[in-house]
Amino acid sequence: MRRRLAAVAAILFLLLPGRSTAAEPPRIALNTVGYLANAPKKASIVGGAERFRIERLPSREVVLEGDCSPPVKNPDTGEDVSIADFSAVSQPGEYQLSLGNAASPKFNIGDDVYREPFYLATRAMYLWRCGVAVSAEWRGDHFHHEACHLDDGWLDVVAGEHVRKASVGGWHDAGDYNKYVVNAGAAVGVMFRAWEDFRPQIERVGLDLPESGGKLPDFLAELKWEIDWLLTMQAGDGSVYHKLSAKNFCGFILPERERDPRYFSPSGTAATADFVAMTAMASRHFAPFDKPYADTCLAAAQKSYAYLKAHPQDVRPDQKEFKTGGYDSPDADDRLWAAAELWEATGDEGALDDVEAVLKRGRNASFDADWDWGNLKNLGLLTYLFSKSAGRDEALVMKLHNSLVSVADQIATTAKIHGYARPLGSRYYWGCNGSAARQTLVLQAAARLSGDNKYREAGLDALNHLLGRNYYGRSFVTGLGHQPPLHPHDRRSIADDVANPWPGYLVGGPQPNAEGWHDDQEDYRSNEIAINWNAALIYATAGYLK
Ligand code: 9MR
Ligand code: 9MR
Ligand code: ZN
């Protein structure tokens, strides 16, 4: 009896008129920060509606109407996705896209839409500073913490006695407060690359740092904060301690409340090689502004390079005393990067031989489409390929040139066939948002070599995706764009008494699949923040500054 009633009710419901109006409105996913005036502009639409219109705000004047493309099944979300192409709109201003009974978040069109994201992402590095009080105002909130970790650090684990070696400063790594050299490599290397590729544009953006107005450009002043700390991570023999860390992750407290002693871990060759690369880069980039500092950096690089030459085996640090981040990976890519930077900084022929010997082996002379802290080979390849120094092997240069363009083509194609133009395609793993932003290094390099603008446009796909043209229709950067993350796995954001999270941070992103992002402070696998991911966002946004 019951069952029959239910069946009748179900049939009646199906026959009821107007059921479709109760259906969910179409979902519109687009870059909720904005589009460059001359760039392609697309939104991904899920759930129907054929015609779309673009309204200019606040007047609501319709400036464009068009048809969405026929829907295509997006493999990683299983959705039928149509595209609304409104590239024709190029007048600077604020807009909204509407279709059926749905309207998108507001977004901007203009030549300067990446200035604020770049500013905020770079300021976020300053806000990560350890060993000093930091503060910032953003959209009516005041963020602050006191000077922290002033006892860094203790040599007990490596020396067997309770001895301190000063190592205050640097950036906290992520949502945790520890400091890891290998991940510093991924962050610093990518930021120096931004400086190398986009210096004039970057210099036009003031970062409001304590050092602003001093002898260094703001961007380099921020990098110096980290390099100063890195210099303290070098051991007497030239090896470099892998990390400076508490034994366990602390609770959700402000950094100044963490009083557990922090220890140097044993050295490793990946950290040592990354140190060489970073300090060699520093010597080059600081030389025009502060020659003595540049010399200090270069001497440190040379000392650690000598250590590496004397220790050709891959030394993985013993971290069994620690429960904190591992950042353990083979050192071949780091050694290649170290040799390339040392050569670029000094012209040293031995280092050039070291680079080329590696490049001639196997398939080493090829770029990677998808890379993170565990594989920094692309950084070395870019330095070698774009070097102005004499003496390179022309056959290798040609090989790298071809590889770069073909990998960039592959990335651009991957974005093109993805429903949300995600240049990483369907790969979802811990930190993949950072990797998507990092793909712009290869794309920008291909654009410089080939002069073909399609690579810069593919780079914009990465930013469009991270700022809202994604499965969630949300920005992945705190404090920016539509419905940004509110609960990142970030101890400061959790522990302070401000409701909003600290601004300018890219969260790690969905994993292990497209639906795997949770804006939940406990979910460090998809919602943490980290210096290597932010550095990639800095590079990505720097590339489109005016
Ligand atoms: O907060 C830690 C985060 O920074 C790391 O990425 C993550 C994985 O190593 O670990 C987090 O710490 C958690 C720990 O691993 C297990 N206990 C709870 C900690 C806080 O969520
Ligand atoms: O980014 C790292 C990711 O590639 C690893 O899979 C993960 C687990 O080892 O660790 C991530 O790095 C975390 C580090 O270990 C501790 N600080 C927070 C980092 C970001 O989650
Ligand atoms: Zn600190």
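All ligand and atom numbering here is 1-based and tracks the order in the structure. This chain uses plain numbering: 1 for the first residue, then up along the sequence.
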Below 4.0 angstrom from a heavy atom of [X], which ligand 2 atoms are there? Numbered from 1 as shown, please.
X: Asp173; result: 16 (C), 17 (N), 18 (C), 19 (C)
X: Trp533; result: 1 (O), 20 (C), 21 (O)
X: Ala174; result: 17 (N), 18 (C)

Could you tell me which atoms of ligand 1, counted from 1 in the order shown, lie closer than 4.0 angstrom to a heavy atom of [X]?
X: Glu528; result: 3 (C), 4 (O), 5 (C), 6 (O)
X: Asp176; result: 4 (O)
X: Trp430; result: 6 (O), 8 (C)

Can you classify the ring geometry of [X] versus [Y] as parallel (below 30°), tilted (30 to 60°) or perpendicular (above 60°)?
X: Tyr114; Y: Tyr544; result: tilted
X: Trp502; Y: Phe143; result: tilted
X: His172; Y: Tyr177; result: tilted
X: Tyr327; Y: Tyr180; result: perpendicular

Aromatic ring proximity [X]/[Y], centre distance under 6.0 Å:
X: Tyr126; Y: Trp225; value: no
X: Tyr472; Y: His518; value: no
X: Phe198; Y: Tyr539; value: yes

Around [atom], find the nearest protein heavy atom and jot down its residue, atom name and distance.
atom: atom 19 (C) of ligand 2; value: Tyr327 OH, 3.3 Å
atom: atom 12 (O) of ligand 1; value: Phe249 CD1, 3.4 Å
atom: atom 4 (O) of ligand 2; value: Trp373 NE1, 2.9 Å
atom: atom 15 (O) of ligand 2; value: Gly325 CA, 3.2 Å
atom: atom 16 (C) of ligand 1; value: Tyr524 OH, 4.4 Å

Is there a heavy atom in Tyr429 that sits closer than 4.0 Å to ligand 2?
no
Testing the 3.5 Å rule here: is there a donor-acceptor pair between the side chains of [X] and [Y]?
X: Asp260; Y: Asn248; answer: no
X: Gln319; Y: Ser265; answer: no
X: Asn527; Y: Asp519; answer: yes

4.0 Å protein heavy-atom contact status of atom 21 (O) of ligand 1, strictly under
yes
With a 4.0 Å cut-off, strictly under, does atom 9 (O) of ligand 2 pick up any protein heavy atom?
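Protein heavy atoms within 4.0 Å of atom 9 (O) of ligand 2 - there are none.
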Compare every heavy atom of Asp333 with every heavy atom of Lys377, then report the nearest pair and how far apart it is.
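Distance-wise, the nearest heavy atoms are N-CB, 3.6 Å.
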Minimum heavy-atom distance Arg525-Gln511, with the two atoms named
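Smallest interatomic distance, heavy atoms only, reads CB-NE2, 3.0 Å.
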At the 4.0 Å heavy-atom cut-off, does Arg491 count as touching ligand 1?
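Right, Arg491 reaches ligand 1.
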For ligand 1, indicate whether the residue His489 contacts it via side chain, backbone, both or neither (heavy-atom separation under 4.0 Å).
side chain
Can you check whether Tyr241 reaches Val157 side chain to side chain, under 4.5 Å on heavy atoms?
no
With 2.8 Å as the limit, jot down which protein N, O or S atoms are around the Zn ion (ligand 3).
Cys130 SG, Cys148 SG, His149 ND1, His172 NE2
Heavy-atom count check: over 12 atoms from other residues, nucleotides or ligands less than 6.0 Å from Arg456 CZ?
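Yes, because the 6.0 Å sphere around CZ of Arg456 holds more than 12 heavy atoms from other groups.
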